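In what follows, a single structure is set out as structure tokens and then discussed.
A note on names: the letters A, B, ... follow the listed sequences, proteins ahead of strands, and every chain is numbered from 1. What you are looking at is a predicted structure, and each value in this text was computed from that prediction instead of being measured.
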Amino acid sequence: MPLPPGRIRSPQSGSDPVDAIQDRVPALRRSLLAWWQLHGRHAIPWKLNPAGSPPAEGEPLDPYPIWVAEVMLQQTQLAVVLPYWHRWMATLTDLGALAAAREQEVLLLWQGLGYYARARRLHQGARLLWDRAQAGEGNPWPGDLEGWQALPGIGRSTAASILSSAYDRPAALLDGNALRVLARLTAHPLPPRRAHAGFWRLSESLLDRRRPRAFNQALMDLGATVCTPRSPACGACPWSRSCAAYAAGDPARYPVKDQPRPAPFEVIGVGVVLNASGQVLIDQRLQEGLLGGLWEFPGGKQEPGEPIEATIRRELQEELAIEVEVEEELVVVEHAYSHKRLRFVVHLCRWLSGDPRPLASQQVRWVMPADLDAYPFPAANARIIEALRRRLDADAPAGHRHPGESRAAA
DNA sequence: GAAACGTGGGA
DNA sequence: TTCCCAAGTTT
């Protein structure tokens, strides 16, 4: 597709990054693909055909494993995703299995990956596609960008990545890797947030429409293995001779960053409430918002000047309508989320009265500590569970400890 | 358009 | 220790 003629340069938005490289596009494509042939990552499991080989140009691949992988890869590095993806594919082997799965199972497979809305939306999308395929008895998979982007949790970049990976279709992507590479190539003066459209045009212009699958993967591989965020390996880069940031002598300065906003800090009082049967009280968080759909030990934010024991008593009263005796501290867990830092001060509590009600959660449940593994918990709560098990083991009479635990300690 | 949304690894 | 950051999307 030819570029529209007579584009207007806007001084305020900086120069159009497309102009900077326009005449070098063919050479850039050639050098990138030549580099990728030798140094690219060619063994990514969802990018291989059933014979275990890299697909030929235009050879279609099963979209399901690619879809799952691409959603896991949102804001998450390949090395982190790999074990999760293998475990997922061993359990939810195809679209029908995912559509039929319970959300609890889906979240358990996602536990530890973060951004849990991704898992819920993947699940929703699977049910959507599955139902549609049953009704129309056809191929469930979207065939174009719009169709993929219509699925929950799939934006422009993920849709393009899936289409080019699965069908070798010419769809430009703009993930963190591509953005960093392109910002350096052009030494773009603005934070990517404010130059978003320009970088999309640049990605579109560069894309090799004869080999989109290879080109997109090459662009991401370059960003992930050579044009890295810190200390890029410019000596190994096929684009260094065309790179404006390299020429300027400080490639790591790009992409230009916005000033990070300091993350607020809060103290959370948490109650690990035990009843006379030795069961512990957990609740399922609301579907929307932070850690939506995951389970947790109940608690809430400490108010200014409030003793933590009072916080815990108050929160359990407000959110569960129960009365507890706050006993000794179990553990203190510090945890940084993407936009806030929390300190969980966790106390053991003795249940006194009140049938727990889910006033601020989806549901509440008394469970035996040994059964907590059946529930998806966020990372900070997983550390609370560890501390609880250590405590219960220490208190248990000899001979009644968990099987592997006493042996591991010895 | 800005802010919300997780986690673990590396410097 | 602390900070930065990663194959983005949604509201």
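- Looking at residues two or more places apart in sequence or on another chain, you find a salt bridge (charged side-chain N to carboxylate O under 4.0 Å, His left out) between A/Arg391 and A/Glu328.
- Distances shown here put a side-chain N or O of A/His335 below 4.0 Å from the OP1 or OP2 atom of B/dT7.
- Scanning atom types as modelled, one donor and one acceptor separated by under 3.5 angstrom connect the side chain of A/Thr76 and the base of B/dG6.
- Under 4.0 angstrom from either OP1 or OP2 of B/dT7 there lies no side-chain N or O belonging to A/Tyr84.
- Using a 4.0 Å cut-off, some side-chain N or O of A/His339 falls inside it from OP1 or OP2 of B/dC5.
- Whole-Å rounding puts the A/Leu290 CG to B/dT7 C1' distance at 12 Å.
- Contacts between chain A and DNA chain C, taken as any atom within less than 4.0 angstrom of a protein heavy atom, begin and end at C/dC4 to C/dT10.
- Of the candidates A/Asp283, A/Leu291, A/Ile282, A/Glu296 forms a side chain to side chain contact (heavy atoms under 4.5 Å, CB included) with just one, namely A/Asp283.
- Shown here for A/Tyr116 and A/Leu294, the closest heavy-atom pair between the two residues is CG-CD1, 3.6 Å.
- On the P atoms, C/dA7 is 23 Å away from B/dC5, given to the nearest whole Å.
- Distance CZ (A/Arg194) to P (B/dA2): 8 Å, rounded to an integer number of Å.
- Distances were taken from every side-chain heavy atom of A/Arg193 (C-beta onward) to each of B/dA3, B/dG9, B/dT7; the shortest belongs to B/dA3.
- For A/Thr158 (side chain) and A/Gly155 (main-chain N/O), no donor-acceptor pair under 3.5 Å exists by modelled atom type.
- Taking side-chain N and O atoms only, A/Arg230 has no distance below 4.0 Å to OP1 or OP2 of B/dG9.
- For residues 151-171 of chain A, the pairs satisfying salt bridge (Lys or Arg N to Asp or Glu O under 4.0 Å) are A/Arg156-A/Glu204, with sequence neighbours left out.
- Computed from coordinates, the A/Leu113 CG to B/dG8 P distance equals 9 Å when rounded to whole Å.
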